[in-house]
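Following: one structure in structure tokens, then a few remarks.
Note: hydrogens, waters and symmetry copies are ignored here, and every other heavy atom, side chains too, is used.
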Amino acid sequence: MRDSPTPRRIRAFVWAATMVFMGAVVLVSVALVMNARRVALDDYEAQASRFVAGAESALNRSLLAVDVLLASMDELLGLSVAVNDWVDAAPASERLRSSARQNLMVRYVALLNAQGQTLASSDASGGALAVQLPPGFLASVLEQSVSTLMVSPPVVSFTTAERVLYFARHLRMADSTRVVAVAEVPVGALSSVLVQGVDISGLQVTLERAGGELLLSVPHREEPAAPLLKPPLHEVTSAGHEWRAAARLSGDPALVVYRPVLYQDLRISASIPLRDALAGWREQRTAIGLTGLLFVAMIAAAGVLALRYLDRLSLARIAIAQSKATLDQALESMVSGFLLLDGEQRVVQWNSRFEEIFPWLRGVIAPMLPFRRVMEETSRHHLPRASEEERMRWVELRLLKQKQHQEPHEQVLPNGRTIQITERPTPEGGLVITYHDVTALRRASAEIESLAFYDPLTNLPNRRLLMDRMQQVVAASVRSGQYGALLFLDLDHFKTLNDTQGHEVGDMLLRQVADRLKTCVRREDTVARLGGDEFVVMLHELSTRSEEAAAYARRVGEKILRALNVPYSLGALSYHSTPSIGATLMGGPLQPGGVDPLKQADIAMYQVKSQGRNALCFFDPEMQIAISARAQLETDLQTALAARQFVLYYQPQFHLDGRMVGAEALIRWVHPERGLIAPGAFIGVAEESELIVPMGHWVLRTACEQLAAWQSDPRCSHLQLSVNVSARQFRQRDFVARVVEVLRETGARPHLLKLELTESLVLDDVEDTVAKMGLLKTKGVRFSVDDFGTGYSSLAYLTRLPLDQLKIDQSFVHNLAVRHTDDVIVQTIIGMARNLELDVIAEGVETLTQKNLLAEYGCQLFQGYLMGMPGPVEELEALLHNGAVVAPPPGAPAGAASTAPDAAA
């Protein structure tokens, strides 16, 4: 390290002055800290002295009041002219009570004989009061030759369970017999007198005897016996009334002040631990120390800055001598190219970076070379195939920009690099030109723009760029009258591929789909990715006639379908994917305002999804109407639930012999404007919107309430009710709990409730289904499989389910005697149910032929229009009263069937 350019003598003088100032700051800081400590201790000592003096005065007054109260009992009760037997407890107690009310500290006063028996007291129990004095205290009071006030050790009161002190003095009666006047004073009341509401941080107050026996303390100490504090106060009297020792309660180093009390060698002490007394001083000490350190640091910094300033003055001379060499080094180390021109636009200086950017000028550039000559040579490389006239025109434009001193401009070199040129005039009329390579910056800007407007996975335009182009195409289409088209694509079952093969394979598929889509459209058309597996193809300027434009769009859509149906090679996996495509026309001379072509194409795409996928569908305004109606229906359903617009209809179920065995509860919607609405019009919407869950719970509760209501009617008490349960409702976690709760709250008999589950629901999650059915089966609930035979049942699963009944779907019943295969299926279902010991009921029985065939095949339970149509509960009950016979449910005890008196008719 080289020596400082400042002379050593001057540096020593600066450091000496700095040290003197720093030492002065340290000394002042120490003096301030010590003075602040002394002031803090003096202040707390004064506070403690004032507190003890006040406490002494207050306590003396309180003790004197108690003493006067006890001494006055002689005059109050006339003890000096009476004997024990003359004391009448009732009037004496009343007088004591009146006298004791004047002293709020005293809980009660009592007059005791030498054996400790109560002669009278201010307590409500009077002479019956049991006074529990500390052991030996009564004897010590009676032993006094001169009657003085005595204070007992603290004890726990037998009646109030709080710590108290007893004050007593003996009194003489006419026959020289001694009696004892006693007052009970709660320690808490005496503590309040002692503390006087003073708030001194860390204050510890004691009332103790000279020998150290603690009577009370603040803060209170919960100890069964009065402790002895050490050292006793009578041993420290030589130190005066103010001394520093261990705190009387905690034993910590403290400031301790004590005073004697008027009675029985009592002492009041106040202890303030030094850590509390000096808490504020510590903050001052820290503040003073930090301030001192700050001043020391400032002085040191000032010394360092002074030395640096002196060093800089010394170095300035050296720097001036080295300035030219430094400038040359700086120019050579510049990242940018540098060129300096004089007032006559001649080259004065340049750096090596300039030659690296313009390598063709290495053999040409020279001092005092006119800048025009540099531009002429550059034009040969920029415009190698241009004529001389074109090159001169380029040079003139370049020199004109230079004279105008415009903002930085850019120049693209033949090698593809982008150079930013900045020109600044000098005071002498010359020019400083810098050439900065911004190729990387421009590439980064292009990449940022690509990220903002293009999908990073497929490099297709994203939603933002698509919407911008769509607005432009629609506006141009309205002006030109040319129709465009929008195709919305969604890959079928893409989520399944992602879930089973991973997102990497899904990304490979998306990139290949993007490549195939670009081969199906023109260069001027747009292929965009909205996100996930959704793509949009925008075709514009197809035709001025909507029919021709739609035909062209259809041809493109079919071409896309063919291209995307070709199997994909996804690594080692060969995968076949299909798209669903929705299409709509856009623009044209009659483009209505507010139309969203993207939404229309999306609606058309979902129409394809609903019809089986892998197809093309054009948007139909009827689709929009249907979707709007569906949304309105969902809103109306929510209102209907809140307004209780639903009712239950009941379709009876009969035995082969004509007896009614039960009914199926069917929901109906009584719309205030459209009247009665069948479930087929709203159940699908309720399933999709999840309103089916509260709706199904309402049906279950209403049906159970009806079962409970029928229990009091002999005609209906054994009717079963079948309730359909939707898949969403059954899959709720609390389904079992809610069913049990409804049964308990309504009081319905569980064995009369039959829950109908669809075949697909039962087999969707067999483990969950078996668990829930098993729990409800233990409660007595019965189960039936609805629409049996329409799905793909597994007999292995069927045998695991705790079923009671199979329900033959009405589609098979309708084709009995019409299609032979349906007869075979019905016979198979009935035979299988018989082998599994399950009941079978056929629904949709509309003709006598169907019923007879079913009976011939072995079916004994029927439901359908032939026997009865769904209706309100009143119609079902009327049907019963008109002659229908109620059959007991399967498994009911013998004799449980109930027949109306007039049923035989």
Side-chain angles (χ1 to χ4, degrees), residues 1-37 39 280-343 347-357 367 405 407-408 419-438 440-441 444:
M1 182 178 179
R2 66 178 185 178
D3 295 335
S4 172
T6 305
R8 186 173 298 175
R9 176 177 54 83
I10 296 177
R11 294 178 62 83
F13 176 79
V14 171
W15 278 120
T18 302
M19 295 302 295
V20 168
F21 282 111
M22 291 171 62
V25 169
V26 171
L27 291 176
V28 171
S29 299
V30 171
L32 289 174
V33 169
M34 296 307 296
N35 182 66
R37 188 177 190 278
V39 170
W281 168 78
R282 291 190 188 93
E283 295 179 0
Q284 292 181 339
R285 179 187 63 185
T286 302
I288 293 172
L290 292 176
T291 305
L293 287 176
L294 178 61
F295 275 103
V296 168
M298 292 173 61
I299 293 171
V304 172
L305 291 175
L307 289 175
R308 288 188 178 181
Y309 178 71
L310 293 174
D311 288 344
R312 288 181 180 179
L313 289 178
S314 301
L315 290 173
R317 296 186 297 271
I318 301 173
I320 293 173
Q322 296 177 342
S323 60
K324 189 177 184 307
T326 303
L327 177 61
D328 292 340
Q329 292 176 0
L331 291 177
E332 291 303 318
S333 63
M334 285 179 61
V335 177
S336 303
F338 171 81
L339 184 65
L340 176 63
L341 305 180
D342 62 11
V347 175
V348 176
Q349 194 173 6
W350 69 95
N351 63 358
S352 58
R353 180 60 179 157
F354 176 79
E355 293 182 352
E356 292 175 4
I357 295 175
H405 301 307
E407 293 299 319
I419 306 300
Q420 186 181 68
I421 303 173
T422 304
E423 299 166 333
R424 294 289 182 267
T426 64
E428 296 80 14
L431 206 62
V432 175
I433 308 176
T434 57
Y435 301 86
H436 186 65
D437 191 341
V438 294
L441 181 62

- prompt: Does the side chain of T426 reach to within under 4.5 Å of the side chain of L431, using non-hydrogen atoms?
  reply: no
- prompt: Do you know which two heavy atoms are closest between T18 and A300, and how far apart they sit?
  reply: CG2-CA, 4.1 Å
task: Any chance you could measure L293, atom CG, to M298, atom CE, to the nearest 0.5 Å?
output: 13.0 Å
query: Below 4.5 Å, heavy atoms only, C-beta onward: do V25 and I299 meet side chain to side chain?
result: yes
- prompt: Do L340 and W350 touch side chain to side chain, with heavy atoms closer than 4.5 Å?
  reply: no
Whether over 12 other heavy atoms sit under 6.0 Å from R308 CZ: no
- request: Look up atom CZ in R37 and atom CG in L32, then write down how far apart they are to the nearest 0.5 Å.
  value: 15.5 Å
- request: Under the side chain to side chain contact (heavy atoms under 4.5 Å, CB included) rule, what do L341 and V348 come out as? Steps first, then yes or no, please.
  value: CA-CA 5 Å; L341 305 180; V348 176; 5.8 Å; no
message: Once side-chain contact (heavy atoms from CB on, under 4.5 Å) is applied, do any residues pair with V20, and if so which ones, sequence neighbours excluded?
response: none
- request: For residues R353 and G337, report the shortest heavy-atom separation together with the two atoms involved.
  value: CG-N, 3.5 Å
task: For the residue pair I421 and T434, establish whether any side-chain heavy-atom pair is separated by less than 4.5 Å.
output: no
task: Taking all heavy atoms of S29 and all of G292, pick out the closest pair and write down the distance.
output: OG-CA, 3.7 Å
message: Please enumerate all residues that pass side-chain contact (heavy atoms from CB on, under 4.5 Å) together with V33, with sequence neighbours excluded.
response: W281, R285, I288
- prompt: Step by step, would you call V304 with W15 a side chain to side chain contact (heavy atoms under 4.5 Å, CB included)?
  reply: CA-CA 9 Å; V304 172; W15 278 120; 4.2 Å; yes
- prompt: Who passes salt bridge (charged side-chain N to carboxylate O under 4.0 Å, His left out) against R11, sequence neighbours left out?
  reply: D311
